[in-house]
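Read the structure below first, then the notes.
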Amino acid sequence: QEARGNQEGAETRGNLKETRYRVTLSRAPIQGTMQLVHDIETAGFMSAETIEYKSAFVRGERTLNATIDLIAYELVKKE
């Protein structure tokens, strides 16, 4: 099981900073991956923009390879 994340860019719109990330999961358990997506969507400051996944059997267990593009939101003060 492996997970990697990279910042893809950031943009400020008014008082809201949007930072884009790409998270890549390899051979991740399905339940854990679905919990991660649920946590992202219910956090209140993040949302999943796109999710691509492919399932595979590894040592008799179904796992996922997934790419999740997400946006994290942050309030910023205007100067």
Side-chain angles (χ1 to χ4, degrees):
Q1 176 176 331
E2 181 181 337
R4 288 178 281 148
N6 295 314
Q7 183 175 334
E8 298 287 311
E11 181 178 347
T12 301
R13 298 179 189 199
N15 288 349
L16 194 61
K17 179 179 178 183
E18 298 177 357
T19 305
R20 296 179 184 281
Y21 295 92
R22 173 164 284 176
V23 177
T24 305
L25 305 172
S26 298
R27 297 183 308 249
I30 292 174
Q31 184 65 30
T33 303
M34 294 300 107
Q35 184 63 49
L36 174 63
V37 171
H38 177 266
D39 291 348
I40 289 168
E41 289 295 324
T42 59
F45 61 92
M46 289 188 284
S47 66
E49 188 172 44
T50 61
I51 303 171
E52 297 177 11
Y53 61 90
K54 184 175 183 179
S55 66
F57 275 104
V58 176
R59 291 184 219 113
E61 181 182 348
R62 186 172 291 279
T63 63
L64 290 178
N65 292 332
T67 301
I68 304 169
D69 292 323
L70 62 91
I71 303 173
Y73 302 97
E74 178 184 356
L75 285 177
V76 293
K77 294 181 181 178
K78 280 192 172 183
E79 308 233 350

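Here the NZ atom belonging to K77 is positioned 11.0 Å from the CG atom belonging to N15, to the nearest 0.5 angstrom. Atom CD of residue E11 and atom CG of residue L16 lie 10.0 Å apart, to the nearest 0.5 angstrom.
Side-chain contacts under 4.5 Å among hydrophobic residues (ILVMFWY), followed directly or transitively, place M34 together with Y21, V23, L25, I30, L36, V37, I40, F45, M46, I51, Y53, L64, I68, L70.
In plain terms, the two heavy atoms of S26 and N65 that are nearest each other are CA-OD1, 3.3 Å. K17 and A10 get closest at one heavy-atom pair: CE-CB, 4.0 Å.
Within a 6.0 Å sphere centred on CD of Q31, other residues, nucleotides and ligands contribute 12 heavy atoms or fewer.
Residues in residues 44-70 take part in these salt bridge (Lys or Arg N to Asp or Glu O under 4.0 Å) pairs, two or more places apart or across chains: R20-E49, R22-D69.
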